[in-house]
There are 2 protein chains.
Amino acid sequence: MNDLFPANQGKKATIDDVAALAKVSIKTVSRVFNAEPNVRPTTRDRVMAAARELDYQPNLSARRLAAKRAFVIGLLYDNPQSDYIIAIQEGALQICRQYGYHILIHPCTEEPAGLVSEAVNLKSQGMVDGFLLSQPISENAALIQALEQRNIPHVRISQRALGGAPCISVNDEEAAARMTQHLIELGHTRIGFVMGHPDHGSSHDRHDGFQRAMAAAGLTVNPDWVEQGLYNFESGYSAGRRLLAAALRPTAIFACNDHMAMGVLTAAHEQGVTVPGQLSVCGFDDTPMARYSWPPLTTSRQPIHQVALLAAEVLLKRIRNEAGGDQSHLLHCELVRRASTGSAPG
Amino acid sequence: MNDLFPANQGKKATIDDVAALAKVSIKTVSRVFNAEPNVRPTTRDRVMAAARELDYQPNLSARRLAAKRAFVIGLLYDNPQSDYIIAIQEGALQICRQYGYHILIHPCTEEPAGLVSEAVNLKSQGMVDGFLLSQPISENAALIQALEQRNIPHVRISQRALGGAPCISVNDEEAAARMTQHLIELGHTRIGFVMGHPDHGSSHDRHDGFQRAMAAAGLTVNPDWVEQGLYNFESGYSAGRRLLAAALRPTAIFACNDHMAMGVLTAAHEQGVTVPGQLSVCGFDDTPMARYSWPPLTTSRQPIHQVALLAAEVLLKRIRNEAGGDQSHLLHCELVRRASTGSAPG
DNA sequence: GCCATCAACACAAACGCTTTATTAACAGCG
DNA sequence: CGCTGTTAATAAAGCGTTTGTGTTGATGGC
């Protein structure tokens with residue numbers, strides 16, 4: 001800490017102080033701080049020196065008022081999975097810091113009724129410059145339409161194209177097919193599937209991938225072995241119980257996310273079914289939990305961090321009218337083999 | 001959606017428009033919107049009606065500049081546990097919304113070197129009005145001192161008193177003693193303990209509680225059965241392996257948090273030690289994961305949500321100079337019995 | 001009926017920056 | 001050397017609030 005006298009006489013320096021000390025007009029100081037052209041290097045240095053000496057910090061409120069920009073992006077989400085949200089927050093923040101922006105979080109835990117007006121107000125009050133929409137709220141048509149109609153910059157993290165805004169997607173279909181193929185390669189033919197929440201686009205994509213891989217291997221999907229889940233532990237648990245209660249039960253269960261896979265594992269443990277001896281179980285997402293379960297869960301790792309980086313970058317470029325502010329991106333998952341999947345019994 | 005023409009001719013209404021329509025001065029409009037006294041009810045109604053008609057939204061940037069308040073609080077944290085942070089964010093946000101404030105997140109994942117100046121800048125730039133400090137950064141002496149020295153409002157979530165700011169604490173010592181007592185009541189006398197990260201105050205408090213309860217029951221703490229951990233799965237796993245490798249091993253292991261308890265569970269599973277038949281395991285925190293482990297984990301539920309509510313409320317009162325802005329609070333945990341603890345064998 | 005009191009409101013000056021014109025400096029060119 | 005065009009810097013006008021100082025009309029005590 002070399003700032004023994006950081007609060008210079010208790011008064012914060014303003015742009016006028018800097019201009020006076022550097023013997024230039026305030027506009028020139030503004031130019032320097034906004035990296036605008038038409039400033040001679042020598043002048044620039046003089047301004048910077050003066051700013052440093054006065055410990056000058058541009059007042060953000062004033063900048064915002066004058067420039068009509070907030071230097072803040074809003075992060076909208078209604079996903080209850082902490083790990084996912086935290087990863088998105090961290091990734092987005094990493095980019096924001098590079099651009100000198102900040103993040104305002106806006107979880108929508110309650111009914112989405114007031115959500116649209118809340119979001120619009122946030123923008124019209126000058127709180128934020130745009131929004132990053134995480135799944136599944138990024139698939140809310142009313143919200144997207146409202147943002148689009150008012151020209152509010154936004155970038156969506158979603159598997160579904162919706163409106164004209166850029167969209168950062170993960171190829172869930174492909175990854176689910178890859179996972180199914182992994183089970184098939186282990187010799188499984190009786191494969192059960194636990195679907196995710198029907199409102200999430202990802203749930204359908206993963207199901208599609210499963211179906212495609214099964215068909216490609218010439219295997220039939222037994223409808224009795226396909227259960228509807230809700231992306232949470234409880235739904236996975238009850239789906240697991242139902243699947244394991246069948247007269248002829250599957251030798252492998254592919255749950256659409258890790259939480260449900262954990263539920264399936266618990267159902268198996270309760271009934272004394274060994275994993276992966278008698279039953280292989282796999283999930284999706286590679287949540288931290290997947291490494292800590294017993295046995296550790298085979299799953300598919302989403303590049304969440306990468307998604308967040310891209311989403312924030314595209315949004316900021318969009319806000320700042322830079323190139324690349326309208327590009328969508330498609331990312332891929334990575335299969336993570338752990339101990340919960342093994343060769344088919346018999 | 002009843003706002004078919006929300007953007008009234010595309011131009012946002014200002015306080016002048018409202019004043020003109022209501023036939024009062026802008027100062028009066030300001031009074032109404034800030035709930036200040038000296039406005040006749042009839043006048044107030046006229047202003048509100050005009051505001052509604054024009055869909056007036058006070059411009060926050062202008063308010064901030066003029067009032068020198070940001071209507072935003074910063075949330076500082078360096079805790080890697082997503083569930084904890086998300087819970088804190090949600091609780092704090094709940095209170096903030098009541099007061100019309102917002103939250104700016106500021107995780108400090110890297111070295112805390114620049115942290116102090118970052119935080120101070122955030123305040124001096126007018127980005128935030130104060131800070132909510134979560135564990136363990138709330139125990140960073142340099143940061144606390146800097147905030148205190150510059151009179152930056154802050155509230156700490158921590159077990160350790162530090163400086164003069166209000167502190168929201170959880171009685172970890174008591175809860176750990178209660179948990180230990182639970183094991184003793186189940187007949188255990190050979191009880192192992194996995195400590196948390198030495199930098200976290202909570203780790204020491206929980207250890208103290210354990211020691212106290214053991215002493216109170218006339219049991220001796222075998223130093224061979226006390227392992228140092230780091231509050232993560234891996235450290236719990238290796239501590240578990242060491243404890244289970246002992247010639248005479250404990251019949252119960254109390255891990256200082258759920259992550260480490262999961263590690264102990266995995267170590268037990270690997271060695272074929274049945275839980276809770278041969279070994280009881282308990283954790284601390286009641287993370288969502290604890291419900292989903294096998295067997296479900298006995299743990300101690302921290303009132304995280306309550307902590308966040310209180311912390312935000314005290315901070316906002318402090319910022320707004322209301323009563324209660326200097327009160328510290330101490331909350332209590334709740335023992336959550338699940339299947340991972342049972343009677344001592346033999 | 002007059003002066004003090006007070007509620008209710010008007011006016012104008014900040015707040016600290018960006019932005020739009022505008023002027024000054026400076027080069028190239030015939 | 002004067003003309004033009006470009007670059008560097010200035011002056012002044014907002015941005016939409018809050019806030020301090022003034023002003024007015026109504027109330028009440030004597």
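The figures that follow rest on heavy atoms only: side chains count, while hydrogens, waters and symmetry mates do not. Protein chains get the first letters and strands the later ones, always in sequence-line order, with residue 1 at the start of each.
- Pairs passing the salt bridge (charged side-chain N to carboxylate O under 4.0 Å, His left out) check and including a residue from residues 58-85 of chain A, sequence neighbours excluded, do not occur.
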Listing, residues 41-48 of chain B side-chain donor-acceptor contacts under 3.5 Å, not counting sequence neighbours, or none:
unit_1, atom_1, unit_2, atom_2, d
B/Arg46, NE, B/Ala22, O, 3.0
B/Arg46, NH2, B/Ala22, O, 3.2

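- As rounded to whole Å, 15 Å separates atom P of C/dC26 from atom CG of A/Asn38.
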Pairwise N/O distances under 3.5 Å, protein to nucleotides 24-27 of chain D:
none

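- Residue pairs satisfying the salt bridge (charged side-chain N to carboxylate O under 4.0 Å, His left out) criterion with at least one member in residues 311-322 of chain B, sequence neighbours excluded, are listed as follows: B/Glu313-B/Lys317, B/Arg320-B/Glu322.
- Every residue meeting the salt bridge (charged side-chain N to carboxylate O under 4.0 Å, His left out) condition with A/Arg160, not counting sequence neighbours, appears here in chain and number order: A/Asp205.
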Checklist entry - Base, backbone or nothing for each nucleotide of nucleotides 13-20 of chain D, written B, S, -, heavy atoms under 4.0 angstrom, 5' to 3'? => result -BBBBBBB

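- Put simply, the side chain of B/Glu148 gets close to the backbone of B/Gly164: a donor and an acceptor are under 3.5 Å apart.
- Take B/Ser134 and apply the side-chain contact (heavy atoms from CB on, under 4.5 Å) test, not counting sequence neighbours, and it matches B/Tyr77, B/Tyr84, B/Ile85.
- Contact check, A/Thr28 against D/dA8: no side-chain N or O comes under 4.0 Å of OP1 or OP2.
- Taking the salt bridge (charged side-chain N to carboxylate O under 4.0 Å, His left out) definition, one finds that B/Glu36 meets it with B/Lys27, sequence neighbours left out.
- Here B/Lys23 pairs with nothing under the salt bridge (charged side-chain N to carboxylate O under 4.0 Å, His left out) rule; sequence neighbours left out.
- Each end of the helix from C/dG1-D/dC30 to C/dG30-D/dC1 gets its own axis from five base pairs, and the two axes differ in direction by 40°, given to 10 degrees.
- Pairs engaging residues 132-147 of chain A under the salt bridge (charged side-chain N to carboxylate O under 4.0 Å, His left out) rule: none recorded [sequence neighbours left out].
- Residues forming a side chain to side chain donor-acceptor pair (under 3.5 Å) with A/Ser25 (at least two apart in sequence, or on another chain): A/Thr28.
- In this structure, B/Pro41 and A/Arg40 both approach DNA chain C, and ranking their closest nucleotides by distance from the 5' end singles out B/Pro41.
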